[in-house]
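Below: the structure, in structure tokens.
Side chains included, hydrogens not; waters and symmetry mates left out as well; all remaining heavy atoms used. Lettering follows sequence order; numbering is per chain, from 1.
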Amino acid sequence: DVKVTQSSRYLVKRTGEKVFLECVQDMDHENMFWYRQDPGLGLRLIYFSYDVKMKEKGDIPEGYSVSREKKERFSLILESASTNQTSMYLCASALRAASLYEQYFGPGTRLTVT
Amino acid sequence: RKEVEQDPGPFNVPEGATVAFNCTYSNSASQSFFWYRQDCRKEPKLLMSVYSSGNEDGRFTAQLNRASQYISLLIRDSKLSDSATYLCVVKWVANAGNMLTFGGGTRLMVKP
């Protein structure tokens with residue numbers, strides 16, 4: 001069974017703190033993604049990675065960075081958390097060559113920055 | 001203008017009703033189309049792909065109109081368990097490979 005896990009379901013951090021969100025998939029997928037989901041705005045792509053050590057900016061990369069040192073792990077980093085980064089963060093992975101190209105999502109991390 | 005637009009709803013329907021959602025997309029280079037379902041406080045999951053000729057999966061029918069750039073999802077005989085948010089998703093190809101763009105979702109609430 002396909003599995004994408006995220007390190008925390010709920011997280012509360014203070015403004016200015018450095019925040020790490022971890023995502024691990026066990027399906028040997030090449031592609032991994034970080035989205036944030038906000039009411040009325042839907043899912044917005046922050047960063048994605050199509051291979052180890054490769055990363056590409058999505059639609060809203062400002063204030064975020066990522067790391068992909070191993071194929072199964074994709075980390076999202078908030079260098080200095082701000083209140084406007086309070087959101088639900090969803091990680092996803094996909095098999096690059098699949099014709100259906102289904103993205104499998106983790107359960108999400110609800111981050112609150114106070 | 002959003003690339004993928006959906007009516008956010010909510011659509012409140014009684015059990016057994018037929019309900020339809022539409023979605024419009026602006027990128028004419030879009031290649032493939034999907035509907036994802038997201039339950040409250042859960043992650044999105046693929047519901048079905050949308051084929052050019054239209055396709056059916058049980059009570060669910062998806063249709064694509066490339067000329068008008070819209071996709072639809074029809075649910076017949078609604079069940080309480082159909083209550084969820086339905087996300088319209090468009091696939092396109094970037095330099096880095098396949099990409100998905102998600103609509104904001106349409107919320108469906110099926111009442112007894």
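In terms of hydrophobic clustering, with Ile, Leu, Val, Met, Phe, Trp and Tyr side chains grouped at heavy-atom distances under 4.5 Å, A/Phe74 and A/Val4 are assigned to different clusters. A single hydrophobic cluster is not seen to contain both B/Val19 and B/Leu74; linkage of ILVMFWY side chains at heavy-atom distances under 4.5 Å, directly or through other members, places them apart. A continuous path of hydrophobic side-chain contacts links B/Leu47 to B/Ile75 [ILVMFWY only; heavy atoms under 4.5 Å]. Note: the hydrophobic cluster containing A/Leu21 also contains A/Ile60 (ILVMFWY, side chain heavy atoms under 4.5 Å, direct or indirect links).
Contacts of B/Gln38 with chain A are made by side-chain atoms alone, with heavy-atom separations under 4.5 Å and no backbone atom involved. Using a 4.5 Å cut-off between heavy atoms, A/Arg9 touches chain B through its side chain atoms alone. Of the atoms belonging to B/Pro8, not a single heavy atom falls under 4.5 Å from chain A.
For the atom pair B/Phe102 CZ and A/Leu90 CG, the distance stands at 9.0 Å (nearest 0.5 Å). Atom CG of A/Asp59 and atom OG1 of B/Thr101 lie 7.0 Å apart (nearest 0.5 Å).
A donor-acceptor distance shorter than 3.5 angstrom exists from the side chain of B/Tyr36 to the backbone of A/Gln103, with no hydrogens or angles considered.
Side-chain contact between A/Glu102 and B/Lys45 is absent, with no heavy-atom pair separated by less than 4.5 Å. Side-chain contact between B/Met99 and A/Leu45 is present, with heavy atoms from C-beta onward closer than 4.5 Å.
Of all heavy-atom pairs spanning B/Leu100 and A/Tyr35, the tightest one is O-OH, 4.2 Å.
The environment of CZ in B/Phe60 is crowded: more than 12 heavy-atom neighbours from other residues, nucleotides or ligands sit within 6.0 Å. Annotation for A/Arg68: atom CZ counts as buried by contact number, over 12 foreign heavy atoms lying within 6.0 Å. The 12-atom threshold is exceeded at CD of A/Gln25, counting heavy atoms of other residues, nucleotides or ligands nearer than 6.0 Å.
Highest contact tally toward chain B, considering only A/Ala94, A/Gly108, A/Gly106, is held by A/Gly106 [criterion: heavy-atom pairs under 4.5 Å].
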